[in-house]
K.L.:
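Before I ask anything, here is the structure I am working with.
Computed over heavy atoms, backbone and side chain alike; hydrogens, waters and symmetry mates excluded. First the proteins, then the strands, lettered A, B, ... as listed; each starts at 1. Being a predicted model, the structure only gives us computed values, none of them experimental.
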Number of protein chains: 2
Amino acid sequence: MGAMDNGEMSNPRSVQRATAPTIHDVAAAAGVSPMTVSRVLGGGKNVRPEKIRAVLDAVAALGYRKNENARSIRPGQRTGLIGVIITNVANPYYAQLQLGAEEVLAGGGFRMLVGNSGEDADRERVLVHDFVGRQVDGLIVVPSGTVSDHLETERVGGVPLVLASRRIEGLATDTVLIDDVAGAFEGTRRLLAEGHTRIAYVGNIKSIFTSRRRLDGFTRAHLTAGLPVDPALVRVGQNDPDAARRAMLELLEVPDPPTAVFSENNRNTVGVVRALTEKRVPADRMRLMGFDDFELSDMIPFPLTVIDHDARELGRTAAQMVVARLNGVADGLAPQQVQLPTTLAD
Amino acid sequence: MGAMDNGEMSNPRSVQRATAPTIHDVAAAAGVSPMTVSRVLGGGKNVRPEKIRAVLDAVAALGYRKNENARSIRPGQRTGLIGVIITNVANPYYAQLQLGAEEVLAGGGFRMLVGNSGEDADRERVLVHDFVGRQVDGLIVVPSGTVSDHLETERVGGVPLVLASRRIEGLATDTVLIDDVAGAFEGTRRLLAEGHTRIAYVGNIKSIFTSRRRLDGFTRAHLTAGLPVDPALVRVGQNDPDAARRAMLELLEVPDPPTAVFSENNRNTVGVVRALTEKRVPADRMRLMGFDDFELSDMIPFPLTVIDHDARELGRTAAQMVVARLNGVADGLAPQQVQLPTTLAD
DNA sequence: CGTACCATTGATATCGATACCAAGAAAGTG
DNA sequence: CACTTTCTTGGTATCGATATCAATGGTACG
């Protein structure tokens, strides 16, 4: 809008984007064939030193960069790309997972294509499809649901797949999990050992793999202790602090209210703490046990023990499993199932 | 080592990985030419309905997926990849930035190649080089230092580049920043208005763009109020909670100690709080002001005000700027400089 | 019914890089 | 010095997909 700037428009060259130099341009500049350039950049075996220098000079002069996509279409050539699909990067837990995977992958010369599924199975399907179309060498997925057909197909397509944090029943593929059941069992057992008999549970719906397992550990600990789980004290379906906060507010109104709360993940723990603070519940009236550690958990003005685990290690392990399949180290091995331990931290 | 498993070795087919079907396989299965398949998958204009159906059936039957890398080597074809280079995903602030970028990019059909520079300029250089070699359509970078030569070159190479969170002096390219100076100024002014005259500063080294700017705002607020900044109260060089904790412990031993602390980012705020808790400083004896909000900041047992800003919006904006350049919307426009506002939150 | 026009289809060339092969140069052997 | 061996080098074909063009087939209109 306003006045046209004719001065700029009259010089199309200023807008024209120079096309990137190709191997042919380098060859021409160095006075050799493209094949020789390819050899030099591929290690320089069986090439005269003077030609090597001429090629490298030409590369530097032109600012040449190999087109990785063109290279990778030749059969047998890898892209060096690993697709990583996470349900939610904003959750520090998954950010750590991503970081751990990056650590290992970058060390092996791989790059990450990262996608956020947002717990949406359709979106996950689209991402997997797209990533495979981009010829990723491997996939690390935190599956968002129990549907696995798109992952099955991919596995048949031959791309090594590692599931992280959650398993899909009936899908035989490498998997790294946190030992949710044992962690929740130990945490709950601690509360029971302290004498609590009315322990509330606040967590996500059972269709989420980890949530189901944690509730399972919670329940088993009660069974082992010969105590019933009061359904009135179990609230599932929350995955953000605010929903958890409301669930906890309701729990405070239950007749014969709980003396302790087991929260199934850090989102829920935060919500529980907010509710307790809001209602000014005295610190010595509510004992907390939360799955997942989180920053400043030691600042919480309530007796809180967290069931800690190493998300970064989870990412590292998942990446190592993919790389192992790619290097043929795991050739012929059945799908691996790894469970990482948890620790109780006061 | 060990016994050879001859049974498995004798059947190479069981190990052989089926090569992915190509457009030729689909064409053969559908009884048409590869060109017709390409047309169908490209929108299906000017193709007989029956052939469209035949092609789509063949695609479904073979589980065919277009090879995006092969497609993108044709001149003028985009890869749909955007390179995102972050200094540290484990920092929730940058995780949010990544999430915001993803939101916008996924909506535009782009995928993200994500790299972690770890505040290392060399690693950043490698990542940029690699990403450009993978033919990314655009780059979003949180620069780790003040060196810009690798970014300059890339800009000339024609790939749209957006800097996020930090600027590089002398590099004319699209940039989105938080208004650090104004934020730090306002925060400090608030402390001064409350009557504090000895305010400590805990933050990272001045070579980090944002750190420099925040210290600048802190200093300007003092100047405006006609008060000096006591060098003994300024501690720079910390970027993790533990270093900040130690810095704060030292500050508590200074003669005529501070009555308030300005912490330059959430890492430092956490460290400061830890030191205060450790030394059992009474809540009413130390006023806190911290740049960056963080989860549970309202649970801190000290009067804390945070200088809040929207990292996710930062990521969204950066992505929108890249997309604008790619769509030609920003053609001919000078490099944009956007500053996002901060708010004080008690 | 003939000509002009458009829809439909495939053959060919090309993108950038590399595997393979063959030709020529250099070096080693008797 | 003749001959074999090894080293260098470039030509050609190919990876998977698509732009271009030419050759069909069909339809419309006078």
K.L.:
I need the single residue from A:Asp25, A:Val26, A:Val40 that forms a side-chain contact (heavy atoms from CB on, under 4.5 Å) with A:Val59. Which is it?
P.N.:
A:Val26
K.L.:
Just the rounded figure in Å: distance from C1' of C:dA17 to NE2 of A:His24.
P.N.:
8 Å
K.L.:
Strictly below 4.0 Å, N to O, side chains only: are B:Arg166 and B:Glu119 in salt-bridge contact?
P.N.:
yes
K.L.:
Closest to the B:Ser38 side chain: C:dA19, D:dT18, D:dA17?
P.N.:
D:dT18
K.L.:
Donor-acceptor pair, distance only, cut-off 3.5 Å: does the side chain of A:Arg65 make one with the backbone of A:Pro21?
P.N.:
no
K.L.:
Rounded to whole angstroms, how far apart are CG on A:Leu41 and P on C:dA17?
P.N.:
9 Å
K.L.:
Rounded to the nearest Å, what distance is computed from the NZ atom of residue B:Lys66 to the C1' atom of nucleotide D:dG16?
P.N.:
11 Å
K.L.:
Give me the distances for all protein-to-nucleotides 9-12 of chain C N/O pairs that come in under 3.5 Å?
P.N.:
{"residue": "C:dT9", "atom": "OP2", "partner": "B:Arg48", "partner atom": "N", "Å": "2.9"}
{"residue": "C:dG10", "atom": "OP2", "partner": "B:Ser33", "partner atom": "N", "Å": "3.1"}
{"residue": "C:dG10", "atom": "OP2", "partner": "B:Ser33", "partner atom": "OG", "Å": "3.1"}
{"residue": "C:dG10", "atom": "OP2", "partner": "B:Thr36", "partner atom": "OG1", "Å": "2.5"}
{"residue": "C:dG10", "atom": "N7", "partner": "B:Arg39", "partner atom": "NH2", "Å": "2.7"}

K.L.:
Rounded to the nearest Å, what distance is computed from the CG atom of residue A:Asn69 to the P atom of nucleotide C:dC15?
P.N.:
16 Å
K.L.:
So A:Arg71, base contact, sugar-phosphate only, or nothing? Heavy-atom distance under 4.0 Å.
P.N.:
sugar-phosphate
K.L.:
Using side-chain heavy atoms (C-beta onward) and a distance below 4.5 Å, is A:Thr87 in contact with A:Asn116?
P.N.:
no
K.L.:
Let me know the distance between CD of B:Gln135 and C1' of C:dC15, rounded to the nearest Å.
P.N.:
11 Å
K.L.:
Rounding to a whole Å, what distance do you find between B:Asn67:CG and C:dC15:P?
P.N.:
18 Å
K.L.:
Using every non-hydrogen atom in the two residues, find where A:Ala164 and A:Ile140 come nearest and quote the distance to one decimal.
P.N.:
CB-CG2, 4.3 Å
K.L.:
Among the nucleotides D:dA19, C:dA17, D:dA17, which one has an atom lying closest to any side-chain atom of B:Gln77?
P.N.:
D:dA19
K.L.:
Can you check the A:Arg74 CZ to D:dA13 P distance for me, whole Å?
P.N.:
13 Å
K.L.:
Between B:Ser144 and B:Glu124, is there a side-chain donor-acceptor contact under 3.5 Å, judged purely by atom types and distance?
P.N.:
yes
K.L.:
Atom CD1 of B:Ile23 to atom C1' of D:dG16: distance rounded to whole Å?
P.N.:
8 Å
K.L.:
Please check: side-chain N/O of A:Thr79 versus main-chain N/O of A:Ser72, any donor-acceptor pairing under 3.5 Å?
P.N.:
no
